[in-house]
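Below: the structure, in structure tokens.
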Amino acid sequence: MTTDFVIVSQRYPPEKGGNASRIRDTAVNLDNEIGTTVLAPLSCYPPGNFARTWERKRTEHDDGVVVHRLWTWQPQTENPSLLRRLPYYLVFALHAALWLVVNVRQYDVVMTSTPPITTGLPGIVAVAIGKPWIVDVRDLWIENSIALGYITANSPLVKAGRAFQSVALHTADRITVTTETLGDAVTDAYGGELRDRVRVIPNGVDTDRFTPETGAGDAEDRIVYTGNIGSAQALEPCIRAMQHVSNDDAELLLVGDGDEVSRLESVTEHLDLEDSVEFVGLVDRERIPKILNDATVGLAPIKDSPELDYAMPTKLYEYLACSLPVVVTGRGEIERFVTETAAGIHTEPDPERIAAAIDTLLKNPEQRTSMGRDGYRLVTEEYDREAIAGRLSEELRALTASERQAPRAAPSPDDD
């Protein structure tokens with residue numbers, strides 16, 4: 001019996017970034033017995049890279065997945081303020097909730113991806129009309145925003161956001177997380193009683209698309225970073241590290257876009273590093289495997305913050321799938337992963353230490369080969385996206401096989 005499944009996500013290709021690719025790869029790799037529909041905004045992220053449109057809805061077909069693009073407000077300025085972002089989040093959430101109500105007979109289970117937490121609104125609506133709901137939590141948006149200085153901990157907006165997030169998590173049937181550490185953080189912040197609902201569905205990689213090329217990466221010393229160029233990534237120390245890398249011909253490529261691009265371009269210009277650091281910008285997703293195979297070292301720098309202990313970026317799996325040795329910063333999951341697997345070097349987010357780690361790999365081709373081989377073997381055995389999507393398929397079957405319980409009353413935030 002076919003299960004009809006709806007995913008609500010604020011990001012979906014052609015928009016770039018780890019979550020867009022995670023949602024897309026998950027959707028297309030689910031079992032053949034699962035019919036998948038994605039609700040996503042019209043493409044508009046990063047702001048300013050897509051033309052604004054007033055089209056109410058557009059339907060696309062992507063490798064067996066039906067994608068409904070729903071209109072929302074589309075900010076056009078780089079790094080928009082929170083007030084400018086809110087209409088982008090809220091209008092999409094309302095539009096998605098309306099779609100779920102109008103098309104209630106077309107699906108059996110709903111999954112919403114957070115952040116932003118506003119995607120919880122269509123999920124709550126789904127429960128209210130009797131549908132099972134999975135919350136896919138990729139990070140604790142509120143706690144991260146506080147740690148990165150975007151919002152203050154005691155603001156009314158934070159209190160309201162936490163109350164809403166608590167209601168959403170206590171209403172959902174399942175909570176999927178990318179790491180065990182993130183699952184612990186969710187239950188620590190919002191209640192230990194949620195633990196039985198938590199399932200770990202890690203990030204992964206399409207190993208058919210991301211795969212090594214023989215002889216790639218040998219032509220020159222090229223260090224590469226791909227993905228979001230934002231506040232959670234320790235990219236400024238990586239740029240400054242290029243002053244200390246011993247090979248003057250080494251080049252750092254930053255492939256992607258984000259809120260920090262303009263500031264980091266100014267840092268690069270101030271340090272007179274334009275010949276060593278290139279901002280490539282957004283590229284077509286299909287080009288990323290070639291870029292990785294032409295590189296010598298991959299960077300996955302995360303800021304040293306306890307709120308980011310759970311972070312395991314998708315880019316790391318993509319690097320390893322291309323046998324690219326990595327230099328990473330950050331604590332928690334990413335430090336443990338790289339240390340235990342010997343697929344790269346973990347270091348502090350300090351320019352000189354990052355440069356020393358890069359130098360170690362650039363000067364030791366045999367070590368690079370060994371790390372690349374170990375990383376490739378690990379991701380193909382444990383983090384292939386198709387196998388990971390199979391875990392979600394099992395959860396969907398479990399939810400639809402059992403009779404849906406009567407809708408639970410949403411708890412008061414005071415109950416926490």
Side-chain angles (χ1 to χ4, degrees), residues 9-26 43 45-49 78-79 113 115 138-139 141 144 148 178-179 202-206 209-210 222-239 241 251-265 268 277-303 305 308 310-322 324-330 333-334 337-338 343-344 346 349 354 358 375 379 383 385:
S9 175
Q10 197 84 34
R11 304 271 191 272
Y12 197 82
E15 294 182 343
K16 308 300 188 286
N19 187 51
S21 63
R22 169 183 164 86
I23 294 298
R24 193 265 175 189
D25 288 349
T26 297
S43 298
Y45 189 88
N49 287 275
E78 182 185 57
N79 195 12
S113 182
R138 291 174 294 106
D139 67 51
W141 194 39
N144 289 352
L148 297 172
T178 54
T179 64
N203 284 328
V205 59
D206 182 346
R209 189 176 3 159
F210 289 84
R222 179 175 295 166
I223 305 104
V224 66
Y225 170 87
T226 62
N228 183 50
I229 300 177
S231 300
Q233 291 77 37
L235 286 169
E236 182 173 340
C238 295
I239 292 172
E251 180 184 22
L252 170 61
L253 301 183
L254 299 175
V255 183
D257 203 347
D259 297 342
E260 288 281 281
V261 168
S262 294
R263 188 185 71 80
L264 293 176
E265 285 178 334
T268 301
V277 179
E278 179 182 353
F279 289 81
V280 178
L282 290 172
V283 302
D284 188 89
R285 181 80 178 152
E286 299 302 318
R287 288 181 54 195
I288 298 297
K290 178 69 164 62
I291 290 171
L292 298 185
N293 276 298
D294 286 342
T296 317
V297 176
L299 291 180
I302 296 176
K303 286 192 173 178
S305 170
L308 296 172
Y310 62 82
M312 274 294 293
T314 301
K315 66 177 67 63
L316 182 59
Y317 299 109
E318 294 173 351
Y319 295 165
L320 301 185
C322 292
L324 188 64
V326 297
V327 172
V328 308
T329 71
E333 290 285 346
I334 195 168
F337 180 89
V338 171
H346 173 270
I354 293 171
I358 291 172
V379 295
Y383 295 98
R385 186 78 84 180

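On a predicted model such as this, the values are computed, not experimentally measured, just so you know.
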Given the rule in the side chain to side chain contact (heavy atoms under 4.5 Å, CB included) test, do Thr178 and Met312 qualify, once you have shown the distances and angles that lead to the verdict? CA-CA 8 Å; Thr178 54; Met312 274 294 293; 5.7 Å; no
Of all heavy-atom pairs between Ala321 and Val379, which one has the smallest distance, and what is that distance? CA-CG2, 3.6 Å
Would Ser113 and Gln10 count as a side chain to side chain contact (heavy atoms under 4.5 Å, CB included) here? Give the steps. CA-CA 8 Å; Ser113 182; Gln10 197 84 34; over 6 Å; no
I'd like to know if the side chain of Arg385 reaches the main chain of Gly204, judged simply by a donor and an acceptor atom lying under 3.5 Å from each other, with no hydrogens or angles considered. yes
Could you check whether any side-chain heavy atom of Leu292 comes within less than 4.5 Å of a side-chain heavy atom of Tyr319, counting everything from C-beta outward? yes
Any side-chain heavy-atom pair of Glu236 and Arg263 under 4.5 Å: yes
Output for pair (Tyr225 OH, Ile291 CD1), nearest 0.5 Å, gives 13.5 Å
Go through the steps for Leu252 and Leu299 under the test side chain to side chain contact (heavy atoms under 4.5 Å, CB included), then give the verdict. CA-CA 9 Å; Leu252 170 61; Leu299 291 180; 3.7 Å; yes
Report yes if some heavy atom in the side chain of Val328 is under 4.5 Å from a heavy atom in the side chain of Ile302; otherwise report no. no
Beyond-backbone contact of Phe279 with Ile239, side-chain heavy atoms, under 4.5 angstrom: yes
Nearest atoms (heavy-atom pairs only) where Ser9 meets Ile23: OG-CG1, 3.6 Å
All heavy atoms of Thr329 vs all of Pro301, minimum pair found to be OG1-CA, 3.2 Å
Minimum side-chain heavy-atom gap Val327-Ile223 below 4.5 Å: no
With rounding to the nearest 0.5 Å, note down the distance linking OG in Ser21 to OH in Tyr317. 12.5 Å
Looking at Ala295 and Leu324, what are the two nearest heavy atoms and their distance? O-CD1, 3.5 Å
So which atom in Ile334 and which in Ala300 form the shortest heavy-atom distance, rounded to 0.1 Å? CD1-O, 3.7 Å
Would you mind telling me which of Leu235, Val255, Asp259 makes a side chain to side chain contact (heavy atoms under 4.5 Å, CB included) with Ile229? Leu235
Roughly how far, to the nearest 0.5 Å, is CZ of Arg209 from SG of Cys322? 10.5 Å
Under 4.5 Å between any side-chain heavy atoms of Asp139 and Pro115, yes or no? yes
Answer whether the closest heavy-atom distance between the side chains of Val326 and Lys315 falls below 4.5 Å. no
Test side chain to side chain contact (heavy atoms under 4.5 Å, CB included) on Leu316 and Phe337; report intermediate values, then the result. CA-CA 10 Å; Leu316 182 59; Phe337 180 89; 3.8 Å; yes
Donor on one side chain, acceptor on other, Asn19 and Arg138, under 3.5 Å: yes
Which of Leu253, Val224, Thr226 passes side chain to side chain contact (heavy atoms under 4.5 Å, CB included) with Val280? It is Leu253
I need the minimum non-hydrogen distance between Val338 and His346, along with the two atoms involved. CG1-N, 4.0 Å
Flag the pair Arg285 and Asp25 as a salt bridge only when some basic side-chain nitrogen lies within less than 4.0 angstrom of an acidic carboxylate oxygen. no
Roughly how far, to the nearest 0.5 Å, is the CG atom of Asp257 from the CD atom of Glu15? 11.5 Å
